[in-house]
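Presented below is the structure to which this report refers.
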Amino acid sequence: MHSLISLSFVFLLCLKCSPSAFAVKIPFHVHSTPSGHTSVNVARQSSSNSTIPVGNTQNAFYYSNLTLGGRSISVMLDTGSSDLWVTGSVPNAQDTGKSVTLSYAVGTAAGDIYTAPLEFDGYSVSDQAFLLVTNTSSFSTNIHAEGYDGLIGLGPNTGSSISKKIDNSSGDNALSRIFSQSSSSDDYITLMLNRNGDPGSQVTGQFTISEVVPGFENITSMPQIAVEKVYKVTDEDQHWQILTDKTNGIIGPDGQPIPVDSIVPKAPDGQLVAVLDSGFTLPQVPRSMSDAIYGRVQGAEWSTTSQAWLVPCGQLINLTFTLGGVAYPIHPLDVSSSDFGVTFANGNPACLGTFQPITSAFSLIGEYDMILGMAFLRNTYTLINFGNLVSGGKASNNPYVQLLSLTNYEAAVNDFIKVRLNGQNQINSPQYALLPASQEQHSPESEKEKKEHYEEEVLSRWPYILVGCLVFVLLLVGLCVWRCCCRRKKTKAAKAQTQKGGLLPGGTNSAYAPLQDSQSTATLVMQPIGGSGYEHKGEYGKDYARSP
């Protein structure tokens with residue numbers, strides 16, 4: 001079993017040719033059985049609409065088919081990135097003469113940028129740019145065996161590395177190309193993810209462009225949740241990120257809101273910024289939130305190897321997110337997972353707490369607080385409207401997200417009892433009662449993480465620090481100017497006083513200024529030689545004042 005430190009799907013992708021960086025996911029192994037593995041190619045369902053079926057590998061990878069250069073390829077669906085890359089050969093591909101190296105924490109994906117005809121969900125692009133990855137040996141798993149041979153980024157074009165390398169519209173990502181050349185379609189996608197191992201679920205994985213899955217039309221009447229824009233200095237890192245509701249954005253296992261402060265400087269008080277990312281298996285949340293979800297479970301253990309909580313598989317944990325005024329309960333089979341084959345320290349089987357603590361590397365400069373991945377997205381039918389983020393598009397509206405809940409809480413509890421408790425309802429037994437809040441366990445934060453967290457806090461508050469520095473400099477400059485003015489004023493006043501009471505006409509020194517008393521002997525002063533003048537040129541041409 002690989003360590004989830006390297007399998008937590010969040011690593012910074014840094015282009016050697018660009019200073020920009022954004023988060024991407026690295027494939028990893030899941031604990032699966034032969035019956036849990038789906039075929040590499042997803043058969044197209046017969047339907048009058050153009051929905052694309054979505055394949056599922058053990059609730060860890062979701063993928064669909066597209067055609068590139070005439071070749072049908074299964075690609076992972078990733079709303080958290082913006083580029084298309086594939087492995088193997090692509091017929092009819094044209095080399096652009098440019099290349100990109102994607103550097104990961106566990107390896108690199110390098111290759112040349114090509115263009116080829118693309119067909120995806122009934123749409124065609126004649127010269128779509130993509131990265132052809134010829135060497136996958138550095139990947140942490142055999143991606144073909146996991147069900148896909150590439151990845152299509154469904155994020156905004158501003159995050160596209162290929163677009164930054166190709167200086168024309170052919171370098172734009174696939175969805176931006178599709179939306180910009182289609183005048184009749186609406187610029188949105190929808191995504192529905194199924195849950196393997198759930199006997200009561202009737203949801204099938206589906207993906208659409210500019211259409212809604214039949215039977216789920218109510219999604220268009222759900223609240224339009226605005227996509228939060230990132231800072232201009234890092235707008236290449238724009239993701240599909242939205243705000244949780246104020247004060248009650250996350251309801252914990254005890255039915256009470258989990259209080260967490262946002263690290264995003266512009267986030268309203270009491271709200272968190274959440275990224276919707278179908279490329280993350282394990283949602284990433286603030287450490288204090290992860291502790292609040294799992295820390296009061298009897299028998300819970302923190303795994304330093306997995307960097308996640310381990311809990312008894314029979315423990316039903318309630319968790320609800322509130323977004324746009326609507327509550328979205330999370331299926332208890334998604335709050336903890338039996339797909340990873342983890343064990344407690346004593347060797348007994350355990351389930352992995354899927355809402356994993358986020359580290360500072362995931363949110364540099366305070367762009368977001370958490371990443372809601374597959375374990376969250378399986379509970380919603382998701383519509384993402386690109387709006388004015390489409391390069392060269394027709395829409396003027398700001399981008400937004402609409403979510404339709406797919407989880408019925410009562411049915412979800414029954415599913416959990418069937419799967420985890422063998423049909424025996426023991427969820428209210430004393431062994432599954434939550435511990436008092438005073439006994440909540442807390443996961444340890446390493447010294448390195450503490451340092452990174454401090455650095456992140458500094459970085460995330462750079463606007464305030466910058467303003468503070470500017471104010472300090474202005475105050476310092478103002479103080480210096482004020483002191484200079486005061487000194488100049490004093491000097492000027494002293495000089496004026498000197499001129500007024502110092503050397504009087506007739507050459508009298510100010511120290512011997514005559515008194516006003518007419519009887520004073522001070523009036524008996526001697527006049528300078530030579531009459532009325534009180535200065536004369538002395539030796540070497542210097543001016544000297546005559547003394548009385």
Side-chain angles (χ1 to χ4, degrees), residues 8 10 23 225-231 233-234 237-277 280 282-296 302 307-309 317-325 327-328 330 335 353-373 376 401 437-438 440-468:
S8 57
V10 191
I225 308 172
V227 171
E228 293 297 304
K229 298 293 184 68
V230 300
Y231 293 116
V233 294
T234 56
D237 294 325
Q238 179 67 56
H239 296 290
W240 302 127
Q241 50 196 63
I242 58 178
L243 288 172
T244 62
D245 281 10
K246 188 176 181 64
T247 67
N248 66 340
I250 300 93
I251 307 298
D254 60 357
Q256 299 300 313
I258 299 176
V260 179
D261 293 328
S262 175
I263 67 167
V264 180
K266 67 175 181 178
D269 290 341
Q271 294 180 269
L272 299 180
V273 179
V275 173
L276 303 178
D277 193 339
F280 270 90
L282 304 180
Q284 307 290 300
V285 299
R287 183 174 294 277
S288 60
M289 182 187 299
S290 182
D291 293 348
I293 296 171
Y294 304 107
R296 292 173 60 186
W302 171 256
Q307 287 295 294
W309 284 101
I317 303 175
N318 294 317
L319 183 63
T320 299
F321 286 78
T322 308
L323 303 161
Y328 296 92
I330 306 302
V335 183
T354 54
F355 286 79
Q356 187 181 29
I358 198 169
T359 71
S360 60
F362 303 120
S363 187
L364 291 176
I365 318 182
E367 292 179 358
Y368 50 83
D369 296 296
M370 56 185 177
I371 303 172
L372 299 182
F376 170 86
V401 171
S438 60
E440 177 185 318
Q441 299 184 71
H442 298 278
S443 56
E445 189 177 36
S446 66
E447 291 302 319
K448 179 180 178 181
E449 188 175 349
K450 289 179 182 178
K451 179 181 177 181
E452 291 176 344
H453 183 70
Y454 173 76
E455 292 172 348
E456 180 187 64
E457 286 185 342
V458 173
L459 287 172
S460 66
R461 288 158 176 78
W462 67 266
Y464 304 105
I465 296 174
L466 178 61
V467 171

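Values below: every heavy atom of this structure, side chains too, minus hydrogens, waters and symmetry copies. Remember, predicted model here, so these are calculated numbers, not experimental data.
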Check for a donor-acceptor pair, side chain of Glu367 on one end and backbone N or O of His239 on the other, with a separation under 3.5 Å. no

Judged by atom type as modelled, is there a donor-acceptor pair below 3.5 Å linking the side chain of Thr354 to the main-chain atoms of Val335? yes

Between CG on residue Leu243 and CG on residue Leu323, distance to nearest 0.5 Å: 9.5 Å

Is it true that a side-chain atom of Gln356 and a backbone atom of Gln307 form a donor plus acceptor pair closer than 3.5 Å? yes

Is it true that a side-chain atom of Glu440 and a backbone atom of Arg296 form a donor plus acceptor pair closer than 3.5 Å? no

Is there side-chain contact between Val227 and Val401, with heavy atoms separated by less than 4.5 Å? yes

Does the Tyr294 side chain pair with the main chain of Phe355, one donor and one acceptor, at a distance under 3.5 Å? yes

Asp277 side, atom CG; Ile371 side, atom CD1 - distance, nearest 0.5 Å: 6.0 Å

Rounding to 0.5 Å, atoms CD1 (Ile250) and CG (Asp245) come to a distance of 9.5 Å

Within the side chain of Asp369, is there an N or O that forms a donor-acceptor pair under 3.5 Å with the backbone of Ile263? yes

Step-by-step side chain to side chain contact (heavy atoms under 4.5 Å, CB included) determination, Leu372 to Phe321: CA-CA 10 Å; Leu372 299 182; Phe321 286 78; 3.9 Å; yes

Test item: side-chain donor near acceptor, Trp302 and Asp291, under 3.5 Å: no

Given Met370 and Phe376, is the side chain to side chain contact (heavy atoms under 4.5 Å, CB included) satisfied, shown in steps? CA-CA 12 Å; Met370 56 185 177; Phe376 170 86; over 6 Å; no

For Ala226 and Ile242, work out which heavy atoms get closest and say how close. O-CG2, 3.6 Å

Is any side-chain heavy atom of Lys246 less than 4.5 Å from a side-chain heavy atom of Pro268? no

Side chain to side chain contact (heavy atoms under 4.5 Å, CB included), that's the test. Do Leu272 and Val285 meet it? Break it down for me. CA-CA 10 Å; Leu272 299 180; Val285 299; over 6 Å; no

Counting only heavy atoms not in Asp254 (residues, nucleotides, ligands), do more than 12 fall under 6.0 Å from its CG? yes

For Arg287 against Pro444, the heavy-atom pair lying closest together: NH1-O, 3.3 Å

Measuring from atom CD1 of Ile358 to atom CG of Leu282, what distance do you get when rounded to the nearest 0.5 angstrom? 12.0 Å

Output for pair (Asp269 CG, Asp261 CG), nearest 0.5 Å, gives 8.0 Å

Main-chain N/O of Ala327 paired to Thr320 side chain as donor or acceptor, under 3.5 Å: no

Check: Glu228 main-chain N/O paired with Gln238 side-chain donor or acceptor under 3.5 Å: yes

Tell me the closest heavy-atom pair linking Ile317 and Pro253, and the distance in Å. CG2-CG, 3.7 Å

Determine the minimum heavy-atom distance between Gly249 and Thr244, stating which atoms define it. CA-CB, 3.9 Å

